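The structure presented is a predicted model; accordingly, all values stated were derived computationally and were not measured.
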Amino acid sequence: MITEFTEQEQIRRNSLSELINLGINPYPAELFEVDATSKEILEKFPTDNSLYQSVNIAGRIMSRRIMGNASFAEIQDETGRIQLYFNRDEVCKEEDKTLYNIVFKKLLDIGDIIGVNGYVFFTKMGEITIHVKGFKLLCKSLRPLPIVKEKEGVIYDAFADPEQRYRQRYVDLIVNSHVKDIFIKRTKLVNSMRAYLNEKGYLEVETPILQPLYGGAAARPFKTHHNALDTTLYLRIANELYLKRLIVGGFDGVYEFSKDFRNEGMDRFHNPEFTQMELYVAYKDYEWMMNLVEEMVEKIAIAVQGATEIKVGDNIINFKRPWKRFTMFEAIAHYTGIDISKMDEKEIFATAQKLNVEVDETMGKGKLIDEIFGETCESKLIQPTFITDYPVEMSPLAKKHRSKEGMVERFEAICNGKEICNAFSELNDPIDQRKRFESQLELGKRGDPEAMMLDEDFLRAIEFGMPPTAGLGIGIDRLAMIMTNAHSIQEVLFFPQMRPEKKAIISNDSEFTDAGIPQEWIVPVKKAGFLTLAELKKANPNKLFNDLCGLRKKLKLEIPAPTLEMIKSWIE
RNA sequence: GAUUAUGUAGCUCAGCUGGUAGAGCAUUGCCCUUUUAAGGCAGGGGUCCUGGGUUCGAGUCCCAGCAUGAUCACCA
């Protein structure tokens with residue numbers, strides 16, 4: 001047998017055609033009525049053994065133990081796994097035992113999806129099991145699944161290679177049950193956040209993803225082109241400026257779960273596309289917003305994990321209110337013992353060097369403070385902590401602090417050593433805003449690729465007047481990582497961005513036959529490593545001749561051995 | 001981007017100082033029958049990531065590349 005499939009794939013394809021020959025449709029069209037799930041059976045049957053005396057259940061076959069005329073199998077549905085018991089004479093009441101002996105035992109495989117009817121009972125081993133009276137094939141699986149086994153909590157042969165898990169997330173979800181759990185929790189997180197915001201009366205809105213100018217954050221964008229308008233568009237890096245336009249327009253509370261795109265490095269905390277929830281509420285300030293974040297995240301923790309305490313790595317994180325609050329200067333003083341709040345730029349620069357923080361001459365006072373904070377404090381903040389009052393240079397969209405010179409009214413919540421949200425009293429002074437944009441332009445001219453662009457329409461909007469507003473951006477992926485104890489952002493995204501999969505380019509058979517290669521030699525030629533005609537043309541005829549003779553023997557081909565002349569004629 | 005580790009059967013992994021490619025699971029055939037990581041016997045299955053080099057001989061040593069992970073840098 002010569003084939004491009006693996007042996008196991010070929011066996012499954014053979015089973016498929018045998019099923020068809022037996023008159024069994026491997027992909028039937030009609031619905032299969034399901035009236036129970038594995039989870040509810042496992043939960044309810046022990047307390048009432050009269051239940052489930054005729055159930056219909058469907059799922060994927062995950063294991064089989066065949067023993068002559070009796071067999072056990074496990075099927076997996078959306079809620080979990082349950083064992084099935086097949087008995088030859090139960091499944092085949094008549095003389096003809098084909099359905100059990102051939103269809104079940106030989107033609108079905110792990111991975112196939114079946115529907116069964118039967119009654120629930122306890123086996124001698126005490127396991128809740130469905131005694132199958134009839135079954136129906138719903139989908140034949142043509143690829144073998146990795147087999148993951150587990151005993152007493154120990155996983156054997158885990159399907160753990162991150163590349164395969166992320167590229168083939170469907171396989172990951174089938175064989176690694178905890179993975180499904182992460183995504184269910186992620187959705188609970190989003191749902192409870194949305195419910196909280198709706199309950200407060202804020203309006204969920206949608207704003208453009210394709211933007212002629214990108215803004216609202218400091219990041220490099222993805223760039224694209226609109227043909228009809230013949231204009232450059234960017235995928236949004238944030239939606240802040242649009243939501244604030246809506247506040248100008250008279251909505252007092254708007255929010256959006258925003259898929260944002262940033263053209264930057266990728267690692268376990270960064271994916272090129274990620275989700276933020278941004279919220280803007282009129283007539284509020286950042287103090288008020290801090291209280292909202294505390295309350296909202298505490299509620300989410302309870303909704304997702306049922307408790308305010310969550311185990312993340314080696315730490316137990318407690319989201320119970322109130323959270324610790326530090327100004328940035330206080331945090332630095334706390335972790336380094338040095339009070340820099342009264343220092344000038346020179347003194348801060350010297351302090352940074354003393355603390356082994358990497359700094360250079362181009363950094364202004366604000367940047368220096370931020371570097372010191374990032375280096376000495378951030379990773380030590382495990383319990384949720386608000387850091388307030390940031391240097392103005394770092395925050396071109398935040399309002400100047402009501403009492404502290406050089407600072408803005410801004411806070412971040414840090415948790416497990418990472419920023420989870422960023423918020424401020426929004427700058428609504430259009431003249432100040434224009435100046436801040438202009439100084440960003442200066443930074444851009446000096447070569448900062450992340451400097452913000454001047455958004456003339458946004459300025460026009462706030463020149464009409466925006467009420468004092470509190471704004472918040474909260475990273476859904478980061479929060480999901482914490483809430484699900486996930487080590488990387490890739491674990492909380494169904495399909496994280498990966499390098500493109502390398503695809504072998506294979507010439508059509510007709511290209512080979514057109515070049516004079518006989519049909520029966522195409523597979524051996526491909527087996528010998530020449531997948532395209534172009535590669536074959538570069539081959540050494542003597543080596544190919546040897547290889548093909550070897551392959552002829554190995555593959556037990558019943559065709560005459562090739563001649564060297566013949567092979568030379570292919571290559572020329 | 002830097003450093004580093006890994007890449008061997010469908011899956012998980014062994015493979016020593018260089019000498020005929022191995023195990024468990026999966027798969028195929030047979031046996032058994034309320035088993036449970038089922039078991040017993042017998043089989044099949046490999047571009048040892050790719051390309052060069054050293055060598056009589058490379059899965060193993062050297063160089064380059066590709067992929068993935070980790071750490072660091074970048075990402076206010």
Side-chain angles (χ1 to χ4, degrees), chain A residues 1 5-12 14-15 62-74 81 83-88 105-106 109-111 121-127 129 131 143-167 171 175 217-220 237 262-272 274 328 358 363-364 366-371 373-374 378 390-398 410 412 419 422 440 443 448-452 487-488 490 498-502 504 526-531 547 551 554:
Chain A
M1 176 75 60
F5 298 119
T6 65
E7 186 194 26
Q8 291 192 45
E9 286 171 328
Q10 191 55 55
I11 288 165
R12 282 168 184 245
N14 294 346
S15 301
M62 297 306 289
S63 72
R64 290 198 304 168
R65 296 181 283 278
I66 296 176
M67 299 157 291
N69 61 19
S71 297
F72 289 89
E74 277 180 302
R81 291 188 187 188
Q83 181 168 263
L84 306 179
Y85 171 71
F86 289 81
N87 181 291
R88 184 183 64 203
K105 277 170 62 175
K106 305 252 192 255
D109 290 290
I110 288 171
F121 74 110
F122 280 106
T123 63
K124 275 186 194 163
M125 300 297 290
E127 180 160 349
T129 300
H131 187 120
R143 284 178 186 261
L145 282 174
I147 308 296
V148 179
K149 294 196 173 178
E150 185 244 313
K151 189 189 188 184
E152 287 158 7
V154 184
I155 309 272
Y156 298 83
D157 298 333
F159 178 66
D161 176 15
E163 178 175 8
Q164 289 193 71
R165 286 186 50 229
Y166 302 151
R167 285 195 200 279
V171 176
V175 303
R220 276 175 286 171
I237 57 173
R262 296 188 183 175
N263 205 343
E264 289 168 346
M266 290 162 58
D267 58 34
R268 72 189 181 94
F269 291 106
H270 299 86
N271 191 65
F274 65 102
M328 196 172 243
E358 270 188 53
M363 292 178 179
K367 180 82 179 161
L368 289 169
I369 295 168
D370 194 63
E371 284 293 318
F373 173 78
E378 192 165 1
Y390 283 63
V392 63
E393 295 91 329
M394 319 297 301
S395 315
L397 300 167
R410 171 178 174 183
E412 289 189 0
E419 170 194 345
N422 183 12
Q440 286 290 310
L443 287 177
D448 183 346
E450 290 170 352
M452 288 188 193
H487 174 73
S488 71
Q490 286 79 18
M498 306 283 284
R499 276 204 170 72
E501 204 167 353
K502 252 200 309 193
K526 286 183 179 172
K527 268 265 192 226
F530 300 99
L531 295 175
D547 287 351
L551 281 164
K554 190 174 170 192

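- Ring geometry for A:Y85 against A:F121 counts as perpendicular: the plane angle is over 60°, on a 0 to 90° scale with 30° as the lower cut.
- Nucleotide B:G57 forms no Watson-Crick or G-U wobble pair with any nucleotide shown, as no partner meets the under 3.5 Å limit on both distances.
- The side chain of A:R65 places an N or O atom within less than 4.0 Å of a non-bridging phosphate oxygen (OP1 or OP2) of B:A38.
- With both ends at atom P, the span from B:A64 to B:G57 equals 23 Å, rounded to whole Å.
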List, with names and distances, any nitrogen or oxygen atoms from the protein found under 3.5 Å away from nitrogen or oxygen atoms belonging to nucleotides 24-30 of chain B.
unit_1 : atom_1 : unit_2 : atom_2 : d
B:G24  : N2     : A:D157 : OD1    : 3.0
B:G24  : N2     : A:D157 : OD2    : 3.3
B:C25  : O3'    : A:K149 : NZ     : 3.1
B:A26  : OP1    : A:K149 : NZ     : 3.3
B:A26  : N3     : A:Q8   : NE2    : 3.2
B:C30  : OP2    : A:K106 : NZ     : 3.2

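- Considering only side-chain atoms of A:E127, the nucleotide from B:U35, B:A76, B:U68 that sits closest is B:U35.
- In terms of position on RNA chain B, the residue among A:S488 and A:R410 whose nearest nucleotide sits closer to the 5' end is A:S488.
- Across B:C16 and B:C61, the matching P atoms stand 9 Å from one another, rounded to whole Å.
- Listed nucleotides: B:U34, B:A70, B:A37. Nearest to the side chain of A:H487: B:A70.
- A gap of 49 Å separates the P atoms of B:G52 and B:A37, to the nearest Å.
- When Watson-Crick and G-U wobble pairs are counted only if both distances are under 3.5 Å, B:U3 pairs with B:A70.
- If you take CD of A:E264 and C1' of B:C74, they are 8 Å apart, rounded to a whole angstrom.
- Every side-chain contact (heavy atoms from CB on, under 4.5 Å) that A:A219 has, sequence neighbours left out, goes to A:I237, A:R262, A:E264.
- Of the candidates B:U36, B:A67, B:A76, the closest approach to any side-chain atom of A:D370 belongs to B:A76.
- Listed nucleotides: B:G10, B:C11, B:U68. Nearest to the side chain of A:T6: B:G10.
- Comparing B:C74 with B:C11, their P atoms are spaced 38 Å from each other, to the whole Å.
- B:U34: no Watson-Crick or G-U partner with both key distances under 3.5 Å is found in any strand.
- Atom pair A:F72:CZ and B:A37:P shows a separation of 13 Å (rounding to whole Å applied).
- Residue A:F159 contributes atom CZ, which lies 23 Å from atom P of B:A37 at whole-angstrom precision.
- Counting to the nearest Å, the C1' atom of B:U35 and the CE atom of A:M125 are 7 Å from each other.
- Atom name P, nucleotides B:U34 and B:U12: the rounded distance is 35 Å, in whole Å.
- Looking at heavy-atom distances under 4.0 Å, A:R268 makes contact with sugar-phosphate atoms alone, never a base.
- Computed from coordinates, the A:D161 CG to B:U8 P distance equals 9 Å when rounded to whole Å.
- Comparing B:G15 with B:U60, their C1' atoms are spaced 9 Å from each other, to the whole Å.
- When all heavy atoms of A:M498 and A:Y166 are compared, the closest pair comes out as SD-CB, 3.9 Å.
- Under the rule for a side-chain contact (heavy atoms from CB on, under 4.5 Å), A:K106 has no partner lying at least two apart in sequence or in another chain.
- Rounded to an integer number of Å, the gap from CD of A:E9 to P of B:C11 is 11 Å.
- Heavy-atom minimum distance, A:P144 versus A:Q8: CB-OE1, 3.5 Å.
- A:M62 comes within 4.0 angstrom of no nucleic acid atom, judged by non-hydrogen atoms across all strands.
- In terms of the ring pair (Phe, Tyr, Trp, His ring centres under 6.0 Å) criterion, residue partners of A:F86 (sequence neighbours excluded) are, by chain and number, A:F104, A:F135.
- Contact check, A:H131 against B:U34: no side-chain N or O comes under 4.0 Å of OP1 or OP2.
- Looking at residues two or more places apart in sequence or on another chain, you find a side-chain contact (heavy atoms from CB on, under 4.5 Å) between A:V148 and A:I155, A:F159, A:V175, A:N176.
- Shown here are the side-chain contact (heavy atoms from CB on, under 4.5 Å) partners of A:E393, two or more places apart in sequence or in another chain: A:K365, A:P391.
- Searching all strands for a Watson-Crick or G-U wobble partner of B:U12 with both distances below 3.5 Å returns B:A23.
- The side chain of A:M452 approaches B:A76 more closely than any other nucleotide in the set B:G69, B:C11, B:A76.
- Comparing A:S63 and A:N87 along RNA chain B, the residue whose closest nucleotide (by nearest heavy atom) sits nearer the 5' end is A:N87.
- The CD-C1' distance, from A:Q164 to B:C49, rounds to 13 Å in whole Å.
- Comparing the same atom, P, in B:A14 and in B:A9 gives a spacing of 12 Å after rounding to whole Å.
- With B:A73, B:A76, B:U35 as the choices, the nucleotide that has an atom nearest any side-chain atom of A:D267 turns out to be B:A73.
- Rounded to an integer number of Å, the gap from CE of A:M266 to P of B:G1 is 12 Å.
- A:A70 comes within 4.0 angstrom of sugar-phosphate atoms only, judged by non-hydrogen atoms across all strands, and of no base.
- To the nearest 0.5 Å, atoms OG1 (A:T129) and NZ (A:K124) are separated by 13.0 Å.
- Of the candidates B:G69, B:U36, B:U34, the closest approach to any side-chain atom of A:F121 belongs to B:U34.
- At the heavy-atom level, A:N422 lies nowhere under 4.0 Å from the strands shown.
- Rounded to a whole angstrom, the distance from the C1' atom of B:U20 to that of B:A2 is 43 Å.
- Contact annotation for A:Q83: base contact, defined as any heavy-atom pair under 4.0 Å involving a base atom.
- Closest non-hydrogen pair, A:R410 versus A:N422, comes out as NE-OD1, 3.0 Å.
- Within the 3.5 Å criterion, the main-chain N or O of A:H487 finds a donor-acceptor partner in the side chain of A:R268.
- Looking at heavy-atom distances under 4.0 Å, A:F373 makes no contact with the nucleic acid at all.
- A:E371 comes within contact range of no nucleotide atom at all, as no heavy-atom separation falls under 4.0 Å.
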